[in-house]
2 protein chains.
Amino acid sequence: MKLSTKGRYGLKAMLDLAIHNDQGPVALKSIAERQSLSENYLEQLFAALRKAGHVRSVRGAQGGYLLSKNPDSITIGSILRSLEGSLAPVDCVLENEPHKCDRFDDCVTKIVWEKIRDSVNEAVDSITLGDLVKKSNKDSVLY
Amino acid sequence: MKLSTKGRYGLKAMLDLAIHNDQGPVALKSIAERQSLSENYLEQLFAALRKAGHVRSVRGAQGGYLLSKNPDSITIGSILRSLEGSLAPVDCVLENEPHKCDRFDDCVTKIVWEKIRDSVNEAVDSITLGDLVKKSNKDSVLY
DNA sequence: TGAATACCGAGTAATACAGTTGGAATTGGA
DNA sequence: TCCAATTCCAACTGTATTACTCGGTATTCA
């Protein structure tokens, strides 16, 4: 039940971006340096975040990434799901296209998986990127 | 954020055991056959379940496993945690010994990880094995 | 024009997962 | 008393996933 580095690094990077967003496009290089992450790896994560509509890019010199929405309207859940895929604990209760097994209709353990899925989604959808920005100390590198 | 087969198979097996528990020791072979699982693999899972105090074993011919407690007092959470380890989404918010990073005290994303951890634990601890037994159709193999 | 950037696809080393294998110890029943 | 059925245990192994790296192209600002 561990999150992969995609979700962990991606959220850190999005928070970094949100904090520096008002200073024009933020280059991945600067995020990578501040957060001690691989710039090359961040490229992959931002490709997914861009496809999900969370960020938009500015190419060329002095380019970088900008949030495409207000931080208050970006939930942590939408960020994590765009990077990790569904947060469902097993494939048979995927939100969109559940991978049905032959016992699907009579499965009792499914109750458990659905409850986990729903409570995780509820938890991460109840926090926005804006919430985290407000809680971080903008003058510090520590967040 | 997927559960491994340990948690999935282990819960299935525990439910199977709970349903057949009143008929004396249940051999892993029979659980494996009913649930289409590897008997050898189940051995590993039951070693963990035994150490956690959920089942007790009877060795020798006609031996097998028995629940060591009433199904109503075994939470799904305690089963899953004994098989999967902590259900925390990242190591820095492990319940017992958090793996602290150098930004631990000022970390904002930690808020998210703690919330996920707590809501997963709450979800799985609110269901007992007894609840699942009551919901399964004992006459059917389908559960 | 050149440096700085995003963009893209493929390659790779390390790790974790999902078992298998071979045996030893125990016990009930023929 | 011995055999078959079972738990118990510790390696071993193939496969898949993760967490990146690498090399190159496209774009844009100064």
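Order of the sequence lines sets the chain letters (A, B, ...), proteins ahead of strands, with each chain counted from 1. Being a predicted model, the structure only gives us computed values, none of them experimental.
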What pairs with A:Lys29 under salt bridge (Lys or Arg N to Asp or Glu O under 4.0 Å), at least two apart in sequence or on another chain?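 For A:Lys29 there are no salt bridge (Lys or Arg N to Asp or Glu O under 4.0 Å) partners, ignoring immediate neighbours.
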
Using salt bridge (Lys or Arg N to Asp or Glu O under 4.0 Å) as the criterion, list what pairs up with A:Asp125, not counting sequence neighbours.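 Residues passing salt bridge (Lys or Arg N to Asp or Glu O under 4.0 Å) with A:Asp125: A:Arg81.
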
Of all residues at least two apart in sequence or in a different chain, which pass the side-chain contact (heavy atoms from CB on, under 4.5 Å) check with A:Arg50?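 A:Arg50 satisfies side-chain contact (heavy atoms from CB on, under 4.5 Å) with A:Val55, A:Ser57, A:Tyr65 only.
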
Run the side-chain contact (heavy atoms from CB on, under 4.5 Å) test against A:Leu66 and tell me which residues pass, sequence neighbours left out.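 Counting only residues at least two positions away or on another chain, A:Leu66 forms a side-chain contact (heavy atoms from CB on, under 4.5 Å) with A:Asn21, A:Pro25, A:Arg56, A:Val58.
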
Would you indicate what B:Arg50 reaches in the nucleic acid, counting non-hydrogen atoms under 4.0 angstrom: base, sugar-phosphate, or nothing?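 B:Arg50: backbone/sugar contact only, no base atoms under 4.0 Å.
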
At 4.0 Å (heavy atoms only), tell me whether B:Tyr65 reaches a base, stays on the sugar-phosphate, or touches nothing.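 Sugar-phosphate, no base atom in range.
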
Taking atom P of C:dA16 as reference, at what distance in whole Å does atom CD of B:Glu84 sit?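 One finds 14 Å between P of C:dA16 and CD of B:Glu84, rounded.
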
Distance check needed: D:dC9 C1' versus B:Phe46 CZ, whole Å only.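 For the pair B:Phe46 CZ and D:dC9 C1', the rounded distance is 17 Å.
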
Across nucleotides 19-30 of chain D, 5' to 3', mark each nucleotide with B, S or - according to how protein heavy atoms within less than 4.0 Å reach it. SBB----BBBBS

Distance test, side-chain N/O of B:Ser57 to OP1/OP2 of D:dC8, below 4.0 Å: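 For D:dC8, OP1 or OP2 has a side-chain N or O of B:Ser57 closer than 4.0 Å.
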
Under the side-chain hydrogen bond (donor to acceptor under 3.5 Å, both in side chains) rule, collect the residues that match up with B:Ser68, sequence neighbours excluded.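 Expected list: none.
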
Step by step, work out the side chain to side chain contact (heavy atoms under 4.5 Å, CB included) result for A:Ile31 and A:Arg34. CA-CA 5 Å; A:Ile31 298 179; A:Arg34 280 188 298 265; 3.9 Å; yes

